[in-house]
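Since the structure comes first, as structure tokens, the remarks are kept for the end.
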Protein chains: 2
Amino acid sequence: MQKAAIERNNETLAAQLTPVGRETVQDRVYSELRRALIGGLFEPSQVLTIRGLADALVTSTMPVREALGRLITEKALEALPNRSVRVPPITLERIDDLLRARSLIEGEAIALAATRMNPRQIASVEAMLGEWDEMRALKHKKDIDREATLNQSFHFEIYRCCGSAVLIPMIESLWLQSGPCIRVAIYAFSDAGEVDTAHYHRSIVAALARQDAQAARKALVADISRPFAFLRDKLQSASKEGLRA
Amino acid sequence: MQKAAIERNNETLAAQLTPVGRETVQDRVYSELRRALIGGLFEPSQVLTIRGLADALVTSTMPVREALGRLITEKALEALPNRSVRVPPITLERIDDLLRARSLIEGEAIALAATRMNPRQIASVEAMLGEWDEMRALKHKKDIDREATLNQSFHFEIYRCCGSAVLIPMIESLWLQSGPCIRVAIYAFSDAGEVDTAHYHRSIVAALARQDAQAARKALVADISRPFAFLRDKLQSASKEGLRA
DNA sequence: GGTTTTGATTTGTGATCACACTTGCTTTGA
DNA sequence: TCAAAGCAAGTGTGATCACAAATCAAAACC
């Protein structure tokens with residue numbers, strides 16, 4: 001009965017070894033596709049094939065088809081009547097629709113978070129703000145991927161504080177759906193000249209710091225509206241071009 | 001070159017034959033599981049196995065596992081660390097969380113619908129109200145399944161008018177998540193004596209008829225709050241019981 | 001020459017198998 | 001007597017195969 005000794009031994013082992021995790025291949029495929037979608041690696045209307053992705057990800061078709069199915073149910077991808085799957089095309093209605101839904105739900109999440117964040121959590125997002133300036137000062141823009149990742153962390157760090165296990169997955173789904181749209185807007189942005197994204201984030205943090213839920217909601221809506229509005233204008237003028245041609 | 005003749009022939013055929021559809025087995029499994037979930041055929045915390053469901057549905061495991069994966073991503077089911085899957089258990093926090101999300105999103109949807117419904121659509125949901133009374137008068141209650149189905153049709157008939165392709169799938173996901181909870185509340189309801197659900201629906205329709213978005217939202221929130229509040233009380237007293245025992 | 005038909009290739013779907021992990025029970029050993 | 005080891009049934013995951021539907025290109029046809 002050396003129970004205590006064994007227990008102690010296990011503890012030292014646990015301290016030395018790093019957990020190897022139990023992620024399935026399907027989970028990795030799913031995460032990777034999510035990352036690609038939010039990061040805008042796929043273009044709107046692009047068709048994806050199971051075997052093509054399986055080859056690219058160096059797995060068999062099985063994990064890929066299940067991951068695709070999951071992405072289709074959360075509307076991150078679209079199943080065509082041909083049974084092929086593509087990333088949803090951009091339309092004016094869809095842009096307005098996504099913006100409205102995001103304003104509603106992310107606005108609610110941040111309003112909740114504003115009343116629940118403790119000083120520790122506020123300091124954490126404030127620190128991200130600083131990290132941001134740093135990156136922005138170092139290399140003046142063009143590191144779009146890094147900036148997008150940081151932006152995502154910033155938002156979800158806040159949303160996590162809303163304490164709702166129901167709202168957060170919905171927000172993730174919305175980001176997944178708007179990812180491809182946003183990305184084309186961002187690229188157009190960086191060509192059209194820099195914009196002051198930092199300003200919006202600063203006013204969000206300020207509102208959170210003084211627990212002003214309505215101000216936080218307002219600042220957030222302004223923040224997420226910007227790329228959508230830009231994309232909207234771009235699409236409208238493009239459709240006018242098309243009409244003229 | 002009898003193109004026109006062939007075309008005409010095809011048209012007459014199309015008029016005589018009813019479309020057989022192209023639904024896959026996986027789609028049918030998914031729909032069936034959705035129906036079961038919303039209808040409350042599965043109990044909260046119940047564990048589901050792939051092979052068990054495949055046997056019950058008389059298919060192979062393949063369509064079932066893909067359908068389960070989809071239901072897990074929309075939080076209608078829950079993946080345990082053991083890799084087994086169960087319908088999510090009911091907790092107080094989850095009840096409040098679901099009610100808040102549903103009030104927010106379905107409230108927004110009905111507010112949008114209120115400004116967009118045409119007389120034809122309003123007449124349609126009004127007719128459902130009548131159908132309801134009819135059923136209710138014929139066999140006084142106890143036909144819970146029929147009533148739940150009618151309730152679902154009533155709500156989604158309205159939501160469809162909001163014109164948002166983004167909000168509606170989210171609402172479906174929320175119904176899927178709250179299905180098992182609601183069902184235990186409904187059963188408890190029908191034991192605890194009848195309640196006037198018709199009253200709420202009537203005031204919803206009245207608000208819609210006069211295009212009063214805020215009144216519609218308020219009436220809807222009152223409607224969906226009722227079973228949640230009931231369940232909440234039931235759970236609280238039960239936990240007190242458990243504490244005492 | 002333009003349209004239809006045919007055939008080859010690609011793709012999604014469902015079934016089945018192999019393997020690893022979990023779980024519950026029995027057996028073993030102190 | 002009771003905890004630990006061992007065993008057996010059950011379960012999820014990934015790979016592979018068979019098949020039907022879709023796609024595309026060349027060939028045949030009027």
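It should be emphasised that the depicted structure is a prediction, and the values quoted were computed from it without experimental measurement. Atom set for the values below is all heavy atoms of this structure, side chains included, hydrogens, waters and symmetry mates excluded.
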Can you check the [X] [atom1] to [N] [atom2] distance for me, whole Å?
X      : N       : atom1 : atom2 : answer
E23(A) : dC21(C) : CD    : P     : 16 Å
D55(A) : dT11(C) : CG    : C1'   : 12 Å
L80(B) : dG12(D) : CG    : P     : 11 Å
E66(B) : dG12(C) : CD    : C1'   : 10 Å
R28(A) : dT13(D) : CZ    : P     : 13 Å
L68(B) : dT11(D) : CG    : P     : 13 Å
R83(A) : dA22(D) : CZ    : C1'   : 11 Å
L57(A) : dA15(D) : CG    : P     : 12 Å

With respect to the side chain of [X], which nucleotide from [options] is positioned closest?
X      : options                   : value
P63(B) : dG14(C), dA15(D), dG12(C) : dG14(C)
V25(B) : dT11(D), dG14(C), dG12(C) : dG14(C)
I50(A) : dG12(C), dG14(C), dT13(D) : dG12(C)
M62(B) : dG14(D), dT16(C), dG12(D) : dT16(C)

Determine whether the side chains of S45(A) and R86(A) contain a donor N or O and an acceptor N or O closer than 3.5 Å. no
Side-chain H-bond candidate by donor/acceptor type, R160(B) with Q121(B), under 3.5 Å: no
Under 3.5 Å, is there any donor-acceptor pair linking the side chain of R65(A) to the base of dG14(D)? no
Any donor-acceptor N/O pair under 3.5 Å between dG12(C) base and R51(A) side chain: yes
Which part of the nucleic acid, if any, lies within reach of S84(B) when heavy atoms closer than 4.0 Å are counted: base, sugar-phosphate only, or nothing? nothing
Should we say atom CD of E43(A) is surrounded by more than 12 heavy atoms from elsewhere, each under 6.0 Å from it? no
OP1, OP2 of dT23(D) versus side-chain N and O of N82(A): anything below 4.0 Å? yes
Test applied, side-chain hydrogen bond (donor to acceptor under 3.5 Å, both in side chains); reference residue, W175(B); option that passes from E106(B), Q152(B), H155(B): E106(B)
Distance col, row L80(A):CG vs E78(A):CD, nearest 0.5 angstrom, shows 6.0 Å
First of T24(B) and R22(A) reached from the 5' end of DNA chain C, by closest nucleotide: T24(B)
